[in-house]
Amino acid sequence: MTDRKPPGVSWQTWIDRQIEDAQSRGEFDGLDGLGKPLADVDRPRDELWWIREKLKREQVEHLPPTLKILKDRDVAIAQAVAALTEDEARSILEAMNVRIRYENAHVVIGPPSTAVPIDVEAVLTRRRSARGPDPEPDDDTTFVQAGTTPRRARRRRWSRETRDRSA
């Protein structure tokens, strides 16, 4: 606890003296932000800035359900295009369509839903044009244990994935 300000001493000098005393004791040595610029110093602050910073730091996202479904729809399309097989892509898109239809049919809090169900065939056509057709299954699948893939299929998938990353 600090001492009370002595009478006859201005606030400025009293505060400066306290800071100088703390510096001489080494209380400001080794602080986290030492020598770094202040983040967002030029950005205007609003009343809830600290809540926004906390949510960003904790990676918490809160959107009304009707806006979240639009974001999830875009993510589902990207996942379907990147899926390994067409069946997997189709299941991702159909599951998203079920969610969209549910959201559109129920009254929720927030703005009204404007999400349109995904045209599965159009996305799959775009996926085929970007990736090419899915490879046919190997004939030596009788020797594969449950939960594993044949060595040739793994090698092909690995080379396809690296080729897609480099493009």
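The structure displayed is predicted, hence computed values, not measured ones. Numbers for residues simply follow the sequence, beginning at 1.
- Every pair passing salt bridge (charged side-chain N to carboxylate O under 4.0 Å, His left out) that includes a residue from residues 27-36 is listed here, sequence neighbours excluded: Arg25-Glu27.
- Pairing each heavy atom of Leu124 with each of Ala89, the nearest pair is CD2-CB, 3.8 Å.
- With sequence neighbours excluded, the residues satisfying ring-ring contact (aromatic ring centres under 6.0 Å, His included) with Trp11 are Trp14.
- Residue Lys54 qualifies as open at atom NZ: its count of foreign heavy atoms under 6.0 Å is 12 or below.
- No salt bridge links Asp21 with Arg17; every basic N to acidic carboxylate O contact stays at or beyond 4.0 Å.
- With a 4.5 Å cut-off on side-chain heavy atoms, Val98 and Glu94 do not count as touching.
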### Task
Under the salt bridge (charged side-chain N to carboxylate O under 4.0 Å, His left out) rule, what do Glu103 and Lys68 come out as? Steps first, then yes or no, please.
CA-CA 10 Å; Glu103 198 68 39; Lys68 185 172 182 343; over 6 Å; no
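- Shortest non-hydrogen contact noted between Val123 and Ile77 is CG1-CG2, 4.4 Å.
- Under a cut-off of 6.0 angstrom, the local environment of OH in Tyr102 is sparse, with at most 12 non-hydrogen atoms contributed by other residues, nucleotides or ligands.
- Taking the side chain as every heavy atom from C-beta outward, Pro112 and Thr66 never approach each other to under 4.5 Å.
- The closest side-chain heavy-atom distance from Glu121 to Arg90 is below 4.5 Å.
- Side chain of Asn104 to main chain of Ala115: a donor-acceptor pair is present (N/O by atom type, distance under 3.5 Å, no hydrogens or angles).
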